[in-house]
Asker: 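Mind looking over this structure? Questions follow.
Chain identifiers are assigned alphabetically (A, B, ...) following the order of the sequence lines, protein sequences preceding nucleic acid strands; residue numbering begins at 1 within each chain.
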Number of protein chains: 2
Amino acid sequence: MTYVNVLHMACGTRERNPMTTLEYKLLGMLARQPMSGYDLVSHLKQPFVPFGPISHTQIYPALASLERKGLVRYHIVEQQAVRPDKKVYELTEEGRTALRQWAESPTPLVFSYDEFFLKAYSLWLADPERMIERFREQAQLHQEKLALYEQVLQSKQLAINAGSEQADVFEERDVLFQYVIGYEQNYLAWCQSVLQYLEQRKHQHSQEGKQV
Amino acid sequence: MTYVNVLHMACGTRERNPMTTLEYKLLGMLARQPMSGYDLVSHLKQPFVPFGPISHTQIYPALASLERKGLVRYHIVEQQAVRPDKKVYELTEEGRTALRQWAESPTPLVFSYDEFFLKAYSLWLADPERMIERFREQAQLHQEKLALYEQVLQSKQLAINAGSEQADVFEERDVLFQYVIGYEQNYLAWCQSVLQYLEQRKHQHSQEGKQV
DNA sequence: TTAACCATGTAAACCGTTACATGATTCG
DNA sequence: CGAATCATGTAACGGTTTACATGGTTAA
């Protein structure tokens with residue numbers, strides 16, 4: 001064991017723990033609008049927030065960690081009745097800088113596929129009938145999601161015409177919608193083309209059955 | 001040490017731990033071809049295996065767990081020189097059944113986005129110049145991946161024409177390629193459309209700058 | 001001589017999910 | 001009367017990553 005590699009940590013305490021993806025997601029949302037932990041959870045359920053579901057049990061410790069790092073601060077909002085007070089978090093200047101630097105940094109391509117695609121890898125040993133069923137099911141689900149996205153996008157564009165918020169943020173958002181809509185379209189088209197193939201093969205097999 | 005494995009352990013112990021996605025990935029690969037843990041790791045680096053990278057430290061315990069469940073068995077292949085013996089794993093009948101049942105089961109839609117897309121969510125506070133750089137970079141990476149997929153697909157189709165392996169498995173594989181190629185095409189198209197938008201806006205801003 | 005290849009594993013640290021905990025209010 | 005909503009958290013568990021461990025061969 002040779003070099004101890006001091007360097008790099010130069011300043012005493014600095015940041016003990018590096019940032020996680022989760023923390024950047026939270027920063028990303030808080031940068032647009034100050035919110036409490038609970039608000040973040042409900043916000044994540046909206047169809048136009050592109051981060052998956054995150055449970056509150058992860059969010060509260062993460063917010064505390066961001067605060068320790070000086071990237072967010074909160075002020076307490078008292079609630080009516082006996083409810084616990086709300087802690088509304090917002091970014092500090094350091095937080096905004098950290099988020100911008102992260103967004104501006106290069107990203108390597110690491111691909112992860114969805115579970116249905118993984119199953120498709122072992123499709124060849126499945127029962128054809130049941131597989132057709134599953135692909136129909138999947139096509140249905142993606143179609144619904146696509147319809148939802150298109151609907152939200154439409155109502156969002158109406159809001160732009162009404163001039164209710166800053167056009168800048170909205171324009172950027174449409175960029176995100178472009179992607180997810182394209183994604184769903186591709187998935188749907190794939191399901192349909194596989195269905196076509198499977199059903200064609202089914203008919204071939206049944207005819208072969210008659211001949212034999 | 002002959003294996004003890006008391007016939008599924010009837011009711012008493014049954015399966016302590018449920019199957020993980022990782023274990024199904026391994027089953028999926030082993031169903032196509034018997035392999036050792038090391039082989040699995042190298043196989044995962046091939047561009048036509050659609051599971052992400054899996055480290056060997058996960059694979060070895062997972063294989064042991066699959067064996068305890070009676071879904072795989074192995075035979076030892078001695079290596080030349082001092083190298084440790086290879087354990088070549090293959091599916092048992094129970095393993096094949098478990099994999100088929102998993103592949104045939106319904107899959108809920110749970111969406112997860114890639115890291116670059118997450119960054120795009122906070123694009124609005126990034127420096128436009130640097131963002132253009134990153135989108136170019138990303139477009140490049142996806143273009144390369146697309147070219148790779150198309151190349152592999154082509155050489156695979158040549159292999160079919162030469163009749164080297166069962167057509168059935170190959171046909172199913174092309175189904176997977178259809179998807180990943182579509183995916184990359186969509187991503188690339190998205191990057192390019194965003195680039196167009198960003199560059200257009202850049203020129204507008206520089207003209208405004210001249211006027212002011 | 002350093003790195004990469006072959007081949008297997010264990011141990012600790014880290015991240016995410018599930019279960020537990022509280023407690024008033026409102027809707028079906 | 002049970003379930004959902006608001007609002008915050010801790011503790012245990014399980015899956016993943018990174019570091020540690022071994023050890024001979026081959027190519028840059």
Asker: With a cut-off of less than 4.0 Å, is there a side-chain N or O of A/Y38 near OP1 or OP2 of D/dC6?
Answerer: yes

Asker: Does A/T57 have a side-chain nitrogen or oxygen under 4.0 Å from the phosphate oxygens OP1 or OP2 of D/dT10?
Answerer: no

Asker: Please report, rounded to the nearest Å, how far the C1' atom of D/dG15 is from the CG atom of B/N17.
Answerer: 12 Å

Asker: Starting from P on C/dT18, measure out to CD1 on A/I54 and report it in whole angstrom.
Answerer: 14 Å

Asker: Take atom OH of B/Y60 and atom C1' of D/dT16, then tell me their distance rounded to the nearest Å.
Answerer: 17 Å

Asker: Of the listed nucleotides (D/dT17, C/dT8, D/dT8), which one gets closest to any side-chain atom of A/H56?
Answerer: D/dT8

Asker: Under the 6.0 Å and 45° cation-pi test, does B/R130 pair with B/F135?
Answerer: no

Asker: Check the distance between C/dG23's C1' and A/D85's CG and give it to me in whole angstrom.
Answerer: 14 Å

Asker: Counting heavy atoms not belonging to A/Q157, are there more than 12 under 6.0 Å from its CD?
Answerer: yes

Asker: Can you see if the side chain of A/Q58 gets near the phosphate of C/dC15 - specifically, an N or O under 4.0 Å from OP1 or OP2?
Answerer: no

Asker: Check the distance between D/dC6's C1' and A/L40's CG and give it to me in whole angstrom.
Answerer: 15 Å

Asker: Would you say B/S36 places a side-chain N or O within less than 4.0 Å of OP1 or OP2 belonging to C/dT8?
Answerer: yes

Asker: Quick check: on DNA chain C, is the nucleotide nearest B/K87 upstream (toward 5') of the one nearest B/S42, or the reverse? Name the residue that is more 5'.
Answerer: B/S42

Asker: Can you tell me which nucleotide in C/dT8, D/dT18, C/dT17 comes closest to the side chain of A/S55?
Answerer: C/dT17

Asker: Take atom CD of B/E78 and atom C1' of C/dC6, then tell me their distance rounded to the nearest Å.
Answerer: 16 Å

Asker: Apply salt bridge (Lys or Arg N to Asp or Glu O under 4.0 Å) to residues B/D127 and A/R100 and explain how you reach the verdict.
Answerer: CA-CA 8 Å; B/D127 174 55; A/R100 204 192 58 238; over 6 Å; no

Asker: Nearest heavy-atom pair of B/L44 and B/G52: which atoms, and what distance?
Answerer: CD2-O, 3.6 Å

Asker: Pairing donors with acceptors under 3.5 angstrom, does anything connect the side chains of B/T107 and A/Q138?
Answerer: no

Asker: Please report, rounded to the nearest Å, how far the C1' atom of D/dG14 is from the CD atom of B/E23.
Answerer: 12 Å

Asker: Whole angstroms only, please: what is the CD1-P distance between B/I59 and C/dT10?
Answerer: 14 Å

